[in-house]
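See below for the structure under consideration.
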Amino acid sequence: MSVTRLLASRAARTHRRAWAAVFAALVLTSLLLGTFGLTLASAALGHPRVERYAAADLVVAGDQNTRFTAKPWGSEPQTAEAGLTERVRVPEAALAVVRKVPGVRAAIADEVFPVGLGGGKAATGRPWDAARLAHGAVRDGRAPQRAGEVVVSGGARLGERIALRAGGAGATYSRDSGNSGNSGNSANSGNSANSAYSVVGVADGPRDTVYFTGSEARRLAGHPGSLDAIGIVAERGIGTDELHTRVRHALDAAGLESVGRRADGDRAALRVLAGDGRGGPEFLAAGPARTGLLMLLGSVASTVVLIALLVVSSTVVQALQQRAHELALLRAVGATPGQLRGAVGREVGRVAALAALVGAAGAFPAYVALRGLLDARGALPAGLELPLPPWLWPAPLVTAGVTVLVARLAALIAVARTAKLRPAEALREAAPGKGRQVTGLVLLVMGVSSAGTATLLHGEAAAAAAGAAAVTMVIACALLGPWIAEGAMRLLGAPLRRFGGPCGWLAAANCTAAARRSGAAITPIVLVTAFIGVQLSAGATLTHEGAAQAGRALRADLAVRADGGLPAGAVERIRRVSGVRAATDVVPGTVVLARRAAGSPELDRLPVLGVTPERLTQTLDPGVREGTMRGLRPGTVAVGEDRARSLDVRPGSTVTLRFGDGVQTRLRVVATYERSLALGDFLFARDELLRHMSGPGEGRRVLVRTASDGDRGVVEQALAAAVAGARVERGPAPVRVAAADQALGEVVSAAAVSAVGAFTVIAVLSTLSLIAIGRRPELRLLRLAGAGRRQLRRMLRLEAAATAVTGLAVGAGVASVPLLAFSLAMARTVPYLPAVQGALMVVVVAVTTGAGALLPLRETLRGRYPARKRG
């Protein structure tokens, strides 16, 4: 043991410069592992924030999850589950059942609907009784007692009369503004839903909330026979767990379920929520977003960890390979295999332990920075809490231990061959074996096959196949590095010798003779080029083609929208305005598609649009391929061409979908269209989609195409008059659907690309630095033989250029195969990468390669005579 300890301490001091590169790679590894560990743990503990029901002991709500069960090949049935982003409602009969449960002090019905305050401000409407569930109380004034009275929690003063806009799904409501004390209300189909209300109270509680009387709130919500949720306040002395059991039994005994017809096997029992679960009915998007965040982080973290393991292993192996003769000499003079492994393990362990602790110390600040970036970009939905309790703070120490373990394993693998050889054979240098070459070729073929499979798939399956192809091909190139370097030098050798003079001859000879060394230098460049190229280009291709499709689809020159939702009949009134050629109501929403992937159940939540089909192509042209949009009405659907191909449907076929509230329906396909990247995979009749939405949605607007010979300014004024309170936008933005987690995916992907970019830059620098340190004796010998400093610098620059060009070319080739498959499957176009991003990647690789090849050799190339310092 003393011999092992002595060898380890002497070697660590002697080769401290070589271990500096390993130290940097291990610090970043520990930092990344700790950051992702904290983020994943925080997401796993995440929950919707409890605000609206903070004073309720229990909340009865609809089941906001939908399920799909299928039997994979040769396995037991499995069930997939997905969150729903539209409200699943509670039958009104549940209120009477809950009120009869012993121990219930109060059961309060809640209705939530959007309200427009004018001036672009939005608020939430609720019945005044529900304010009690959020500790709401009147600070000034009194509670509303009549239909024309409201209490506000901000944005208005006591005694003020305010104009509000509120509309239920598919209905318009108005208020007689002549007398705030008159409770009579009238539906006004000829004008907007403007109503003047008197502010009779200012309340505490959630801001931007307007409280109405119970009957007025139910009328404005527009869902007779159902409720948003029921808040329950327990009697004193009744425990929450006990009351939960009683309420659960009462609802089950009454046979009550969530409103809406679900798919077979997707029973939607009412949910009784307590604790943090009470926030779910308030922030509907928070639950699905948390699940999506976990899946996204898990996918990205696994990729980053895989790359980290590859880079760390490569760096440690390279550091030990520079001392292969030293280790072989120790074996030759009698060191036992155990002593050699123990010495190397201790040596690497010392470096890894310090590096891992430094990385772990930076994990918490990195997590805070990532959270700040997510918040700044609005990538997380409102109400999603991601806690990080103190007992989780030591988590980076666990990932630091994993980093040390990885480094020790890499060291044992690197020294395995030398340790097991007999002393007389240890000084022999082994060439890359056939097993490595065969394994690399097999992986290369597998990667190309996976890319070919991606062209036959759609959506996430195509993306997963393309990603697997990229990772597999990168690993294959790492194994085939020496042969790739040898082949590249055969191609680059001629121009190097022709244009580089004697220095070019030396550079070509060095790269060819040391193919294994050159292959180790090329591998991290291939890694950074391929991985970052795939990550950047995949998203850029979809974004670029989607924007192009959206631009080609838009035909309108004006858009009309209103706070609190457009009233019913708004489109018809707009169409009657002189100078309007066509008008289309556009409503964004979501659906859930149940499908099987290799026999396993999958549920995909997809963004879609609801439109009014009359003269649709004059305002929004989806690029119809088959059928016609004129037949689009409730009970029918138009399907994007790519999705229609994957589902094997065409006009006249039927497709089964689940709306955002979980209700399943069977729809007849009336058309297929090509611009699905911009408009989504499904187009519905507006009324069909609104029927299953909680509200009209922030993106709802009416697209207007004006007559070419009309006065656009006059038309704008007429439109504003036709729909009171509406805003008219000139030159509207193109219509483009977006997944709910698109911003989240962009931020996490950008963070992953930055992390992997930094990781691979360190890998390139460390690998080239280790190679350069190992070449010092060679360069001293060349200087003693008469080579000048300028000649050697030129030789090194040419070698670095050859390494960079080879790595970039091979990396681009590796990236192009899965990217081409992905682009053809998803966008039917060639891959796209912004020129600035491509140029930046080339510059970073060139600068990093040059720095790694030249900077470690400054002392060797300094002065008239070669430096004699030890490395």
Side-chain angles (χ1 to χ4, degrees), residues 454-463 541-542 545-556 582 584-597 602 604-660 664-689 692 703 734-739 821-829:
T455 61
L456 305 176
L457 301 175
H458 183 85
E460 293 182 358
T541 299
L542 294 180
E545 182 60 21
Q549 289 185 9
R552 292 193 296 268
L554 186 66
R555 297 286 189 270
T584 301
D585 196 355
V586 179
V587 181
T590 59
V591 297
V592 177
L593 175 65
R595 61 182 179 86
R596 299 186 185 216
E602 297 284 347
D604 298 329
R605 190 167 54 249
L606 306 172
V608 297
L609 289 177
V611 298
T612 48
E614 294 82 7
R615 296 184 179 181
L616 173 64
T617 56
Q618 295 190 27
T619 57
L620 188 67
D621 185 7
V624 176
R625 288 291 190 179
E626 293 183 282
T628 175
M629 290 290 179
R630 288 192 294 271
L632 193 62
R633 59 179 59 89
T636 65
V637 67
V639 186
E641 189 176 18
D642 292 335
R643 181 65 69 177
R645 188 173 68 250
S646 68
L647 296 176
D648 193 23
V649 298
R650 56 180 303 171
S653 304
T654 58
V655 61
T656 301
L657 294 172
R658 306 180 188 200
F659 286 100
Q664 179 174 281
T665 187
R666 194 171 181 85
L667 303 163
R668 181 172 58 87
V669 179
V670 296
T672 62
Y673 55 93
E674 62 173 327
R675 292 171 183 151
S676 57
L677 280 180
L679 307 182
D681 286 334
F682 299 97
L683 283 176
F684 295 87
R686 178 204 58 185
D687 295 339
E688 177 86 80
L689 194 60
H692 302 279
L703 300 177
V735 177
R736 187 173 179 194
V737 301
F822 175 80
S823 301
L824 291 176
M826 299 292 293
R828 294 192 173 185
T829 185

Hey, what do you get for CZ (R668) to CZ (R633), rounding to the nearest 0.5 Å?
-> 7.0 Å

May I ask you to test the L703-L554 pair for a side-chain heavy-atom distance under 4.5 Å?
-> yes

Approximate separation, where rounding is to 0.5 Å, of L609 CG and D585 CG | 11.0 Å

How long is the gap from CZ on R658 to CZ on R605, to the nearest 0.5 Å?
-> 13.0 Å

Please round to the nearest 0.5 Å and tell me the distance separating atom OG1 of T656 and atom CD of Q664.
-> 5.5 Å

Nearest heavy-atom approach of V669 to R650 is CB-O, 3.6 Å

Work out which heavy atom in A678 is nearest to a heavy atom in G546; give both atom names and the distance.
-> CB-O, 3.6 Å

Hey, does L679 have a side-chain heavy atom less than 4.5 Å from the side chain of L620?
-> yes

Scanning both residues in full, the closest heavy-atom pair of V670 with A638 reads CG2-N, 4.5 Å

Look at the rings of H692 and F659 and say which category their plane angle falls in: under 30° parallel, 30 to 60° tilted, over 60° perpendicular.
-> parallel

At what distance, to the nearest 0.5 angstrom, does CG of D604 lie from CG of L657?
-> 11.0 Å

Does a side-chain N-to-carboxylate-O contact under 4.0 Å join R828 and E674?
-> no

Report, as yes or no, whether the 6.0 Å neighbourhood of atom CZ on R552 holds more than 12 heavy atoms from other residues, nucleotides or ligands.
-> yes

Evaluate side-chain contact (heavy atoms from CB on, under 4.5 Å) for F684 paired with V591, printing each intermediate quantity in order.
-> CA-CA 10 Å; F684 295 87; V591 297; 3.7 Å; yes

Check G631 against T636 and note the closest heavy-atom contact, atom names and distance.
-> O-OG1, 3.4 Å

Do you know which two heavy atoms are closest between S823 and T829, and how far apart they sit?
-> CB-O, 3.0 Å

Y673 side-chain N/O to E626 backbone N/O, donor-acceptor pair under 3.5 Å = no

List the steps and the verdict of side-chain contact (heavy atoms from CB on, under 4.5 Å) for V737 and V608.
-> CA-CA 7 Å; V737 301; V608 297; over 6 Å; no

Would you give the length of the straight line joining atom OG1 of T584 to atom CZ of R686, rounded to the nearest 0.5 angstrom?
-> 10.5 Å

Hey, are the side chains of R645 and T672 touching, using non-hydrogen atoms and a 4.5 Å cut-off?
-> no

Short side-chain donor-acceptor distance under 3.5 Å, T654 and R666 = yes

side-chain contact (heavy atoms from CB on, under 4.5 Å) evaluation trace for D642 with L677 = CA-CA 10 Å; D642 292 335; L677 280 180; over 6 Å; no

State, to 0.1 Å, how close L683 and L632 come at their nearest heavy-atom pair, and which atoms those are.
-> O-CD1, 3.6 Å

Take V611 and M629 through the side-chain contact (heavy atoms from CB on, under 4.5 Å) test and state the conclusion after the steps.
-> CA-CA 10 Å; V611 298; M629 290 290 179; over 6 Å; no

